[in-house]
Amino acid sequence: MARLSADAPFLHPDVDLTEVTSGRFVEYGKGSRIAYSEFGDYSYCDRYADIANATIGKFSNIASFVRIGATDHPMQTASLHHFLYRSGDYWDNSEADLAFFEHRRSRRANIGHDTWIGHNAMIKPEVSVGDGAIVAAGAIVTKDVAPYTIVAGTPARVMRLRQPPDIAQRLMNLAWWNWSHDKLRHILPDFRTLSAEQFLDEYEESAT
């Protein structure tokens, strides 16, 4: 029997979810903390991912110890400490700064479909990673990543293209990530054996 289900996400031990929307066949790795985020169909994160205020597309592959939407502190004020906005933790007669938390949650990171975020990478708030892109292990992404591009380093820089621009555009137009579960299973052998260009030649016409 298949381990993953369309009905509910698969949670490994010690997963902490706060206001998370999960698509079909989603998996959360051991010890991961996900907050105020959306995971698209078939996406998963490995162990101890820390993801906040993010929209994750379909078929996203998120490795262990990845951080997406890392939260920040107020830098323009006299102090940047928790006591400014988590004030109720320090004084009985004070409350949290709800406006600060609302602003933080509005600064969403966006991860596209069929992406790969490598081990220990960090994606900063308000950054978009395009469809088909790869973020190398340990990279710190501070700027948008174009579709089907591979980035690495701190800060992350373009290393090379995953696919030529014309193939990348054809893949995005095909949008196979929206196909049915049954169709994906039916053509699984072609996913495994055909190059991207061969796959497009085979299925573009039937998808129109």
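The shown structure was predicted, so the numbers you read here are calculated from the model rather than taken from an experiment. Throughout, residue positions are numbered sequentially from 1 according to the sequence presented. These values consider heavy atoms only, across backbone and side chains, with no hydrogens, waters or symmetry-generated copies.
When all heavy atoms are compared, the tightest approach of S32 to D46 is OG-O, 3.0 Å. Shortest non-hydrogen contact noted between T21 and Y28 is O-OH, 4.4 Å. When all heavy atoms are compared, the tightest approach of V26 to G23 is CG2-O, 3.5 Å. When all heavy atoms are compared, the tightest approach of V135 to A139 is CG1-CB, 3.7 Å. Nearest heavy atoms, A168 versus Q163: N-CB, 4.2 Å. The minimum heavy-atom distance between A133 and V145, with the atom names listed, is CB-CG1, 3.8 Å.
W91 and F101 fall within a single hydrophobic cluster, where Ile, Leu, Val, Met, Phe, Trp and Tyr side chains are chained together by heavy-atom contacts under 4.5 Å. L171 and I111 sit in two unconnected hydrophobic clusters of ILVMFWY residues. Membership requires side-chain heavy atoms under 4.5 Å apart, directly or through other members. A single hydrophobic cluster is not seen to contain both L161 and V129; linkage of ILVMFWY side chains at heavy-atom distances under 4.5 Å, directly or through other members, places them apart. Transitive grouping of hydrophobic side chains (ILVMFWY, heavy atoms separated by less than 4.5 Å) brings V158 and I123 into a common cluster. Linking Ile, Leu, Val, Met, Phe, Trp and Tyr residues whenever their side-chain heavy atoms come within less than 4.5 Å places L4 and F59 in a single cluster.
Using bins of under 30°, 30° to 60° and over 60° for the plane-to-plane angle, the ring pair H73/H82 lands in the parallel bin. Relative orientation of the Y85 and F100 rings is parallel, given thresholds of 30° and 60° on the angle between their planes.
Within a 6.0 Å sphere centred on CZ of R108, other residues, nucleotides and ligands contribute more than 12 heavy atoms. Other residues, nucleotides and ligands place no more than 12 heavy atoms under 6.0 Å from the CZ atom of R185. A 6.0 Å sphere centred on NE2 of H12 holds more than 12 heavy atoms belonging to other residues, nucleotides or ligands.
In terms of modelled atom types and a separation under 3.5 Å, the side chain of R162 and the main chain of I134 share no donor-acceptor contact. Looking at N120, its side chain never comes within 3.5 Å of a backbone N or O of G118 through a donor-acceptor pair. With S64 contributing its side chain and R47 its backbone, the two residues share no donor-acceptor pair below 3.5 Å.
With sequence neighbours excluded, the residues satisfying side-chain contact (heavy atoms from CB on, under 4.5 Å) with A146 are T149. Not counting sequence neighbours, the partners of K124 by the side-chain contact (heavy atoms from CB on, under 4.5 Å) test are M122, V127, T142.
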Could you give me the CA-CA distance, side-chain angles and deciding distance for Y36 and R104, then say whether side chain to side chain contact (heavy atoms under 4.5 Å, CB included) is met?
-> CA-CA 11 Å; Y36 312 108; R104 175 185 275 181; over 6 Å; no

Could you go step by step and tell me if R67 and R33 meet the side chain to side chain contact (heavy atoms under 4.5 Å, CB included) rule?
-> CA-CA 10 Å; R67 186 142 196 211; R33 182 176 66 169; 4.2 Å; yes

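Taking the side chain as every heavy atom from C-beta outward, L17 and F39 never approach each other to under 4.5 Å. Under the 4.5 Å side-chain criterion, counting only non-hydrogen atoms from C-beta, P125 is not in contact with N53. Residues D190 and Y203 form a side-chain contact, since some pair of their non-hydrogen atoms from C-beta on lies under 4.5 Å apart. For the pair Q169/M172, a side-chain contact is recorded, criterion being any heavy-atom separation below 4.5 Å from C-beta on. Proximity of Y148 to I167: side-chain heavy atoms (C-beta onward) are nowhere separated by under 4.5 Å. In this structure, the side chains of H81 and Y90 come closer than 4.5 Å at one or more pairs of heavy atoms. Counting heavy atoms from C-beta outward, I117 and V141 have side chains that stay 4.5 Å or more apart. Under the 4.5 Å side-chain criterion, counting only non-hydrogen atoms from C-beta, F10 is not in contact with V15.
Rounding to the nearest 0.5 Å gives a distance of 4.5 Å between CZ of R107 and CG of D72. From I62, atom CD1 reaches atom OH of Y44 across 9.0 Å, with rounding to the nearest 0.5 Å.
The only member of T115, D114, D131, D41 that meets side-chain hydrogen bond (donor to acceptor under 3.5 Å, both in side chains) when paired with S60 is T115. I68 pairs in a side-chain contact (heavy atoms from CB on, under 4.5 Å) with only one of the listed residues (I56, I34, D50, T55), which is I56.
For W177 and Y42, the gap between ring centers reaches or exceeds 6.0 Å.
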Considering only distance and modelled atom types, tabulate donor-acceptor pairs under 3.5 Å from the side chains of residues 194-201, sequence neighbours left out.
from, atom 1, to, atom 2, distance (Å)
S195, OG, Q198, N, 3.1
S195, OG, Q198, OE1, 3.3
Q198, OE1, S195, N, 2.9
D201, OD1, R170, NH2, 2.9

